[in-house]
Amino acid sequence: QAQLVESGGGLAQTGGSLRLNCTTSGLAFSDHAMAWFRQASGKEREIVAFISRDSVAPYYSSPYYSLSVKGRFTITRDNAKNTASLQMKNLSPEDTAVYYCAARQSGGGSIYPQDYAYWGQGTQVTVSS
């Protein structure tokens, strides 16, 4: 049974940094594109970033970032350790949300939550002003 476990959330100040990690088990990690979504209170879940399953062709594609985080967040993956990470810098209160890790059995990622079969339980990120 596939399991995704997020860690690294918490409280940060405006302009600060946090690193989220997603540790997976029970799935063929290297066969899955990985993504981070977030859901703020009262809002719909939205894509933050996704990364393709490989770093080389034919399944490689440049990581995707939503406009709101581009230039501040970096998504990475380590296929040897079955983990994905999200480095977040220059945080703002608008980044406050529950952050979810998701896996999609495909070469490429998607911006749509329904395209991901596996999800973590989420980790809270709170940015104070």
Side-chain angles (χ1 to χ4, degrees):
Q1 184 176 357
Q3 281 194 315
L4 284 66
V5 179
E6 301 94 339
S7 61
L11 181 64
Q13 293 185 335
T14 296
S17 300
L18 284 173
R19 183 179 180 87
L20 304 183
N21 295 304
C22 175
T23 302
T24 73
S25 60
L27 57 76
F29 184 75
S30 60
D31 289 344
H32 290 73
M34 298 299 296
W36 288 93
F37 286 79
R38 68 186 182 186
Q39 188 166 17
S41 181
K43 295 188 177 180
E44 293 187 353
R45 193 168 298 191
E46 64 174 4
I47 184 70
V48 174
F50 66 70
I51 187 168
S52 59
R53 64 181 246 189
D54 276 323
S55 59
V56 295
Y59 293 111
Y60 173 77
S61 60
S62 298
Y64 168 90
Y65 298 96
S66 67
L67 286 176
S68 61
V69 308
K70 196 169 187 177
R72 301 187 297 120
F73 291 11
T74 302
I75 186 171
T76 56
R77 65 184 296 153
D78 186 336
N79 285 357
K81 295 182 178 179
N82 296 339
T83 61
S85 298
L86 184 70
Q87 179 67 52
M88 306 185 294
K89 297 181 178 180
N90 195 21
L91 288 163
S92 72
E94 289 70 34
D95 296 315
T96 294
V98 177
Y99 283 71
Y100 296 91
C101 172
R104 180 188 190 209
Q105 191 169 5
S106 170
S110 167
I111 65 172
Y112 303 108
Q114 60 265 33
D115 289 339
Y116 293 81
Y118 306 108
W119 291 84
Q121 81 288 350
T123 186
Q124 177 70 46
V125 171
T126 303
V127 184
S128 62
S129 57

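Reckoned from all heavy atoms, side chains included, excluding hydrogens, waters and symmetry mates.
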Any chance the side chains of Y99 and R38 put a donor and an acceptor closer than 3.5 Å? yes
I'd like to check the side-chain contact (heavy atoms from CB on, under 4.5 Å) partners of S41; sequence neighbours left out, ordered by chain and number. none
How long is the gap from CD on Q87 to CG on L18, to the nearest 0.5 Å? 8.5 Å
Cluster check Y100, Y112: I/L/V/M/F/W/Y, side chain < 4.5 angstrom: yes
Within-4.5 Å side-chain heavy-atom neighbours: T14 and V127: yes
Transitively linked via ILVMFWY side-chain contacts under 4.5 Å: Y116 with F29? no
Would you say the side-chain atoms of Q39 pair up with the backbone N or O of A97, donor to acceptor, closer than 3.5 Å? no
Taking the six-membered ring of F50 as reference, does the NZ or CZ atom of R104 fall below 6.0 Å from its centre and within a 45° cone about the axis? no
Q3 atom CD, over 12 foreign heavy atoms within 6.0 Å: no
Kindly indicate whether the side chain of M88, heavy atoms from C-beta on, has any atom under 4.5 Å from the side chain of L20. yes
Restricting to non-hydrogen atoms, name the atom on R19 and the atom on T76 that form the minimum distance, rounded to 0.1 Å. NH2-OG1, 3.9 Å
Measure the CD1-OG distance between I75 and S52 for me, rounded to the nearest 0.5 Å. 9.5 Å
In Å, rounded to the nearest 0.5 Å, how long is the span from OG1 of T23 to CG of L4? 9.0 Å
Taking all heavy atoms of C101 and all of E6, pick out the closest pair and write down the distance. N-OE2, 2.8 Å
Please determine whether residues L27 and F37 belong to a single hydrophobic cluster, defined as Ile, Leu, Val, Met, Phe, Trp and Tyr linked transitively by side-chain heavy-atom distances below 4.5 Å. no
Of the non-hydrogen atoms in L91 and A12, which two are nearest, and what is the gap between them? CD1-CB, 3.8 Å
Is there a path of hydrophobic side-chain contacts, each under 4.5 Å between heavy atoms of I, L, V, M, F, W or Y residues, that connects F73 with I47? no
Assess whether atom CD of Q1 is packed by more than 12 heavy atoms of other residues, nucleotides or ligands within 6.0 Å. no
Smallest heavy-atom separation, T24 atom then N82 atom, equals OG1-O, 2.9 Å
If I compare all heavy atoms of S128 with all of P93, which pair ends up nearest, and what's the gap? C-CG, 4.4 Å
Shared ILVMFWY cluster between V5 and V48, side chains joined below 4.5 angstrom? no
For residues G122 and V98, report the shortest heavy-atom separation together with the two atoms involved. CA-CG1, 3.8 Å
So with a 6.0 Å cut-off around CD of Q13, is the heavy-atom count from everything else above 12? no
Any pair with a residue in residues 26-37 that passes side-chain hydrogen bond (donor to acceptor under 3.5 Å, both in side chains), sequence neighbours left out, goes on the list, sorted by first then second residue, please. none
With side-chain contact (heavy atoms from CB on, under 4.5 Å) as the criterion, how do Q124 and T96 come out once you've worked through the C-alpha distance, each side chain's angles and the decisive distance to 0.1 Å? CA-CA 8 Å; Q124 177 70 46; T96 294; 4.0 Å; yes
Could you go through the side-chain contact (heavy atoms from CB on, under 4.5 Å) check for E94 and S68 one step at a time? CA-CA 9 Å; E94 289 70 34; S68 61; over 6 Å; no
side-chain contact (heavy atoms from CB on, under 4.5 Å) partners of K70, counting only residues at least two apart: Y65
